[in-house]
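Letters go in sequence order (proteins before strands), and every chain restarts at 1.
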Amino acid sequence: MRNREKTKKKILQAALNVFKTDGFLSGSTETIARKAGVAHGTIFFYFPAKADLIVSCIYEKLGPLAYKLNSTSRGTSDIEEICELFLEEIRPYSNFYSRLVKDLPHLPIDLQRSVFSSLSAFSIHFVDVIEKEQEKNTFRSFDPKIAMFLWFGLVHYLYSYRELLGTDSFTAKDRKNLSSFFKNALSQ
Amino acid sequence: MDDTKTCIVCGMPMIKPEDFPPGCDQDTTDWCVHCGTKDGMYPYSALVAGMGQFLMKTQGMAEEQAKIAAKEMVDNSVAVKSGKLKKE
């Protein structure tokens with residue numbers, strides 16, 4: 001790996017660690033530079049603004065997560081299963097997801113849009129399944145986006161209050177119960 | 001993940017044959033079934049409009065917000081940045 005790539009990777013890794021403990025808003029570029037072992041100004045050679053560093057960090061984690069969510073939810077025709085998959089797939093990203101849902105509303109709106117758009121590949125399966133169930137009259141009639149708001153509202157609540165609620169300690173049974181409840185709430 | 005082709009317009013992973021435009025050469029086609037046909041990508045305005053509808057459906061965005069986000073997404077896509085898709 002060339003030196004420049006190595007330095008960039010080192011900065012990115014330090015930023016991920018700093019943002020994990022201090023958050024995207026409070027994590028400072030001075031701390032990141034110190035942890036990466038580079039001069040403060042060096043950071044801005046690779047990432048012109050702190051926002052660029054935040055974007056890179058988010059995509060470093062969100063990219064693989066979005067990919068997994070998309071590939072595992074594809075071809076699934078049961079909303080309960082999709083919800084369970086979602087809860088299962090975000091578990092390894094628990095710390096990151098928790099930080100993201102807490103800090104995202106305070107980050108620039110173009111960054112918020114990018115993050116939401118990244119999750120579209122998952123959401124489309126979610127909405128499609130609901131529409132198909134509605135066509136079969138197995139789900140009540142409502143705008144599918146309301147179900148999506150409810151689901152993400154629920155998940156973001158669990159991850160905003162992750163420490164308080166002990167979300168990381170949720171068992172497979174807890175995740176199944178949540179998903180099952182959600183499906184029943186939509187059913188006729 | 002690294003080997004998976006993603007659409008140069010919307011970023012959708014193109015994993016299955018049905019993710020590609022029907023009849024296209026999958027080795028040389030970089031856009032998904034939603035963003036073009038085997039003959040090429042849809043025009044810029046159609047892609048922005050389609051993306052707006054997609055965001056309204058998948059993110060529950062209001063129409064005006066979806067339009068802004070869609071334009072931003074397409075403008076920042078590989079397709080536009082590489083010059084393969086011309087802005088109108």
Side-chain angles (χ1 to χ4, degrees), chain A residues 51-52 55-56 58-76 82 86 89 92-93 104 108-132 134 142-156, chain B residues 1-21 26 30-36 41-42 44 46-81 85 87:
Chain A
D52 299 306
V55 170
S56 297
I58 287 178
Y59 281 105
E60 184 81 6
K61 291 282 186 189
L62 198 63
L65 174 62
Y67 177 82
K68 274 191 165 186
L69 285 172
N70 175 44
S71 48
T72 49
S73 59
R74 273 176 166 235
T76 307
I82 288 185
F86 188 93
E89 293 294 354
Y93 300 89
L104 193 60
I109 193 161
D110 52 343
L111 185 50
Q112 294 178 26
R113 287 192 193 109
S114 306
V115 170
F116 269 59
S117 301
S118 299
L119 293 172
S120 280
F122 165 79
S123 309
I124 189 72
H125 301 304
F126 188 92
V127 171
D128 278 350
V129 167
I130 290 176
E131 284 179 342
K132 280 181 187 144
Q134 286 178 323
F142 54 85
D143 186 338
K145 78 178 178 198
I146 297 170
M148 199 166 57
F149 291 159
L150 280 175
W151 176 250
F152 280 106
L154 170 74
V155 173
H156 290 185
Chain B
M1 184 189 164
D2 292 340
D3 295 335
T4 306
K5 210 172 202 182
T6 54
C7 175
I8 59 169
V9 182
C10 69
M12 184 184 99
M14 288 142 72
I15 303 165
K16 295 179 178 173
E18 57 266 33
D19 296 335
F20 291 83
Q26 293 181 15
D30 297 325
W31 52 92
C32 72
V33 62
H34 308 292
C35 294
M41 283 175 271
Y42 292 130
Y44 175 83
L47 286 167
V48 171
M51 185 66 76
Q53 291 295 320
F54 179 75
L55 290 173
M56 284 169 71
K57 184 175 174 178
T58 61
Q59 300 302 336
M61 285 182 187
E63 191 173 357
E64 276 312 302
Q65 278 305 313
K67 278 182 185 170
I68 295 168
K71 188 174 179 314
E72 201 171 275
M73 271 182 81
V74 177
D75 286 354
N76 285 313
S77 69
V78 176
V80 168
K81 287 192 166 169
L85 177 68
K87 287 167 73 174

So what's closer than 4.5 Å to chain A heavy atoms on B:Q59: side chain, backbone, both or neither?
both
Atom pair CG/CG of A:D110 and B:N76 - distance to nearest 0.5 Å
8.5 Å
Atom pair CD1/NE2 of A:I124 and B:H34 - distance to nearest 0.5 Å
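Between atom CD1 of A:I124 and atom NE2 of B:H34 there are 7.0 Å.
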Enclosure of A:F116 CZ (heavy-atom neighbours >12, cutoff 6.0 Å)
no
Steps toward side chain to side chain contact (heavy atoms under 4.5 Å, CB included) verdict (B:Q65, A:R113):
CA-CA 9 Å; B:Q65 278 305 313; A:R113 287 192 193 109; 3.6 Å; yes
By salt bridge (Lys or Arg N to Asp or Glu O under 4.0 Å), which residues pair with A:E131, not counting sequence neighbours?
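B:K57.
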Below 4.5 Å from any heavy atom of chain B, which atoms of A:I146 appear? Answer side chain, backbone, both or neither.
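Neither part.
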For residues B:T58 and A:V127, report the shortest heavy-atom separation together with the two atoms involved.
CA-CG2, 4.5 Å
Which side-chain N or O atoms in residues 12-20 of chain B pair as donor and acceptor under 3.5 Å with protein atoms at least two apart or in another chain?
from, atom 1, to, atom 2, distance (Å)
B:D19, OD1, A:R74, NH1, 3.4
B:D19, OD1, A:R74, NH2, 3.2
B:D19, OD2, A:R74, NH1, 3.0
B:D19, OD2, A:R74, NH2, 3.2
B:D19, OD2, B:I15, N, 2.8
B:D19, OD2, B:K16, N, 2.8

